[in-house]
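See structure below.
All values derive from a computational prediction rather than experimental measurement. Remember, it's 1-based here, ligands and their atoms both numbered in the order they're listed.
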Amino acid sequence: MQLRNELVRVEADRTGTTIDNLKRAFLENLYYVQGKPPALATLNDYYMALAHTVRDRIMQRWNNSAITYTENQSRTVCYLSAEFLMGPHLGNNLINLGLYEPMKQAIDELGINFDELIEEEGEPGLGNGGLGRLAACYLDSLAALEIPTMGYGIRYEFGIFKQDIRDGWQVEITDKWLRNGNPWELARPEWTVSIPFGGHTESYRNSQGVYRARWVPAWEVKGVPYDTPTLGYKVNTANTLRLWKAEAPESFDFQAFNTGDYYGAVNAKVVSENITKVLYPNDDEIQGKVLRLQQQFFFVSCSLQDMIRIMKGQKIPMERFHEKFAVQLNDTHPAIAVAELMRLLVDQEFLGWDEAWAITQNTLAYTNHTLLPEALERWQIDLFRDLLPRHLEIIYEINQRFMDDVRVKFIDDDARLARMSLIDESGERYVRMANLACVGSHAINGVAALHSELLKQTVLKDFYEYSPEKFSNKTNGVTPRRFMVLSNPRLTQLITDRIGSGWITDLEQLRQLEQFIDDPAFCQQWRSIKQAIKQDLADSIQKDYGVDVSIDSIFDIQVKRIHEYKRQHLNLLHIITLYNRIKANPNIDITPRTFLFGGKAAPGYFMAKLMIKLVSAVSEVINRDPDVRGRIKVVFLKNYNVKFAQHVYPAADLSEQISTAGKEASGTGNMKFAMNGALTIGTLDGANVEIMEQAGEENFFLFGLTAEEVRERKARGYDPKAYYNANPNLQLVIDRIASGFFSHGDKTLFQPIVDNLMQSDPYLLFADYQSYVECQDRVAEAYRDQDKWTRMSILNAARMGMFSSDRSIQEYCDDIWNVKPVTVKETEGFCSAT
Ligand code: Z16
């Protein structure tokens with residue numbers, strides 16, 4: 001049956017955008033969706049009514065996008081990621097709809113505080129850090145550039161834990177983000193798929209008498225899609241983020257009915273629903289747990305089956321899969337897609353191996369996000385076979401053919417064969433997911449220029465030598481809609497007043513700001529905006545932590561996951577150095593600073609948790625020592641997340657990007673700080689290299705060893721004690737920590753950190769200490785000349801154009817995906833406005 005077109009109307013209350021329409025719509029949603037008269041409404045009710053008012057205004061775009069893509073059979077990007085760290089939706093959707101100001105006016109006119117409603121929204125914390133946030137920025141840019149896109153991932157019931165700090169220690173609290181309902185998603189149970197697990201394989205003869213393989217799984221779960229629209233900035237494009245939730249198949253219930261084992265059936269239900277219960281909270285490290293492999297296969301199989309359903313719905317022959325879809329693998333987390341797409345094409349769609357393999361390679365592309373050896377995913381063979389017996393067979397088959405090719409290209413090189421094999425056979429046997437991703441993809445990329453070079457020289461060297469044409473760099477970017485327009489309205493206004501609003505979708509236009517660096521009025525405005533934003537953050541620090549921080553001090557900020565390679569403890573060594581100077585000479589003239597830290601430690605990462613405790617311990621001593629006279633303050637800001645990040649970046653004077661060179665693949669916080677006018681103190685690591693190139697060396701505080709020097713130093717045999725013995729300031733800092741000075745006399749508490757640095761110092765803090773402190777002294781000096789600092793700040797922002805995720809996505813579209821924009825018209829489809 002088919003609904004008659006003219007019966008469908010889009011009502012003004014659902015789509016109208018006059019102030020009056022918006023007010024009426026809000027009140028209607030409060031009444032009819034939340035089911036509350038104003039007298040009984042809570043803050044959450046108001047938030048929900050507002051969210052529905054916004055959602056209603058998304059629907060026409062979303063439906064029209066779906067219709068347009070279906071009718072045109074548009075080539076579609078599928079971004080497969082185990083993490084999407086979207087951040088709060090409300091403000092962002094209003095910005096992208098161009099309705100932020102009218103909605104604010106409407107809500108304020110109703111006597112409700114709009115900003116409070118924006119703050120009321122929690123966030124779906126479905127990611128750990130950089131990788132998940134990158135996926136979210138990319139969805140924003142893909143929609144802004146009008147590229148048909150599906151984001152595919154996992155609808156974790158519990159996202160990244162909420163962090164509390166008790167007695168200076170991190171405490172993890174489960175993140176029940178769905179507790180109050182989620183107005184931004186729609187369940188699509190009609191597109192549920194079935195996911196097999198376990199069991200065995202067998203061969204059978206088909207009707208033509210040809211032998212084929214068959215997987216006889218032992219159990220299955222259902223994958224139910226939940227869709228969230230992702231809007232483009234001021235265009236009609238509304239793409240879809242499709243996240244899969246695991247549910248038990250109904251057959252469990254029938255089994256219980258038949259056998260009387262009610263408990264067993266309910267228990268089986270719990271086990272299958274466990275698959276999407278919780279996000280693994282490790283950034284840059286793997287755990288090798290079977291549940292994690294279940295999660296990966298689950299969302300990959302759901303997504304690929306969904307693509308096949310779409311192909312069939314549009315009557316596109318399966319041979320053209322790679323023409324319809326470009327599938328990007330966000331790290332190796334979805335790398336099982338190589339084997340799963342082969343299985344679906346060969347076992348289910350009955351394509352020949354060679355044809356299926358060509359389709360698979362042409363469809364898939366792989367982004368690597370790390371060089372850290374502990375982050376390279378591999379699965380024990382036995383564990384893998386128990387869960388995915390057919391995939392192991394397929395991987396063996398791929399490997400046999402691949403090894404034959406390598407053998408011909410590199411004659412008599414068994415060591416190379418062993419390194420490139422999809423199976424690690426050096427000891428206990430493992431499936432190597434990075435090797436699988438490389439072999440099954442037509443394109444492989446790193447996430448910053450340095451990172452992509454190092455990939456070719458180190459972890460993926462053999463694959464580069466085998467197929468250099470697959471490799472490229474795609475330097476990360478961030479969306480200026482969320483990280484400038486939404487989070488920094490004051491700066492946005494100032495910039496737009498001077499150069500118009502074109503920069504929001506063409507960030508290189510920020511260069512026009514350079515013409516104002518000698519305009520005193522502009523510089524003064526720039527500076528007073530920064531001061532006003534710092535005051536807002538200072539107020540919230542006063543309120544939440546009872547610490548009084550001065551907006552005339554340097555806001556020196558390090559926010560990111562806590563990790564030894566990111567070296568939050570190097571930052572601390574500098575803070576303690578300043579403190580020691582004050583203690584030695586209380587009247588010393590130092591530039592006042594506020595040191596802010598934020599970030600989560602993986603719950604099982606002992607050293608990272610101890611680093612948080614050390615920040616807390618140092619802050620307690622310094623903040624209350626009368627000799628300091630408030631000239632330095634240290635605060636650990638708890639539960640750092642996207643929502644809070646939006647308040648932090650705009651308030652920063654100095655951005656700490658101090659990882660050991662060669663360890664941070666790219667970094668993206670570094671970009672968000674710089675485009676909001678913070679100066680960077682950093683090493684030549686990840687995208688810092690390109691940030692400095694763009695900003696100009698004279699506008700960047702560079703210190704430390706290069707990646708090359710780090711490698712040499714380690715090869716020569718690095719001895720941290722030599723640095724300790726030669727540097728009295730460093731000695732004093734380490735001795736202070738070791739003496740129990742920051743731990744109420746307890747000499748054992750921080751001993752693991754001290755011992756680690758003294759004995760091995762794997763991230764070369766001691767080698768970079770002197771260079772870092774001297775660089776910080778240059779920062780302090782520079783801040784004293786406020787006019788000069790402001791000019792540097794403006795130049796940093798003006799020159800960050802290349803770090804828009806629009807630029808990154810344009811490169812992916814041109815070089816890897818070969819996909820073009822599809823314009824969605826406003827009135828297309830069967831809806832017409834009244
Ligand atoms: C992650 O966030 C990153 C790498 C990785 O292997 C796993 C996770 Cl969860 C980060 C990188 O550490 C960071 O340098 C990079 O900017 C980010 O991914 C996005 O590419």
Closer than 4.0 angstrom, basic N to acidic O: yes or no for [X] and [Y]?
{"X": "Arg482", "Y": "Asp140", "result": "no"}
{"X": "Lys638", "Y": "Asp164", "result": "yes"}
{"X": "Arg481", "Y": "Asp806", "result": "yes"}
{"X": "Arg567", "Y": "Glu664", "result": "no"}

For ligand 1, which atoms sit closer than 4.0 Å to a heavy atom of [X]?
{"X": "Asp331", "value": "5 (C), 6 (O)"}
{"X": "Tyr565", "value": "12 (O)"}
{"X": "Thr370", "value": "6 (O)"}

Which heavy atom of the protein is the closest neighbour of [atom], given with residue, atom name and distance?
{"atom": "atom 1 (C) of ligand 1", "value": "Leu131 CB, 3.4 Å"}
{"atom": "atom 16 (O) of ligand 1", "value": "Gly667 N, 2.7 Å"}
{"atom": "atom 20 (O) of ligand 1", "value": "His369 ND1, 2.7 Å"}
{"atom": "atom 6 (O) of ligand 1", "value": "Asp284 OD1, 2.8 Å"}
{"atom": "atom 13 (C) of ligand 1", "value": "Glu664 OE2, 3.4 Å"}

Examine [X] against ligand 1 and note whether any of their N/O atoms are separated by less than 3.5 Å.
{"X": "Val447", "answer": "no"}
{"X": "Glu83", "answer": "no"}
{"X": "Asp283", "answer": "yes"}

* To do: Would you check if there is a donor-acceptor pair between the side chains of Thr706 and Glu708 at a distance under 3.5 Å?
  =>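 Side chains of Glu708 and Thr706: no pair found under 3.5 Å.
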* Asked: Does the side-chain contact (heavy atoms from CB on, under 4.5 Å) test come out yes or no for Asn128 and Ile160, once each step is laid out?
  -> CA-CA 6 Å; Asn128 273 288; Ile160 188 69; 3.4 Å; yes
* Distance under 6.0 Å and angle within 45° of ring axis: Lys245 vs Tyr226 ->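 That pair does not qualify as a cation-pi contact.
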* **Over-ring placement of Lys672 relative to Phe483, 6.0 Å and 45° cut-offs** => yes
* Asked: Using a heavy-atom cut-off of under 4.0 Å, does the side chain or the backbone of Ala665 touch ligand 1, or both, or neither?
  ->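 Ala665 to ligand 1: contacts from backbone and side chain alike.
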* What part of Asn476 sits under 4.0 Å from ligand 1 if we count only heavy atoms: the side chain, the backbone, both or neither? -> side chain
* Any donor and acceptor pair, going by atom type alone, linking the side chain of Gln558 with main-chain N or O of Lys566 inside 3.5 Å? ->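 Yes; at least one donor-acceptor contact below 3.5 Å.
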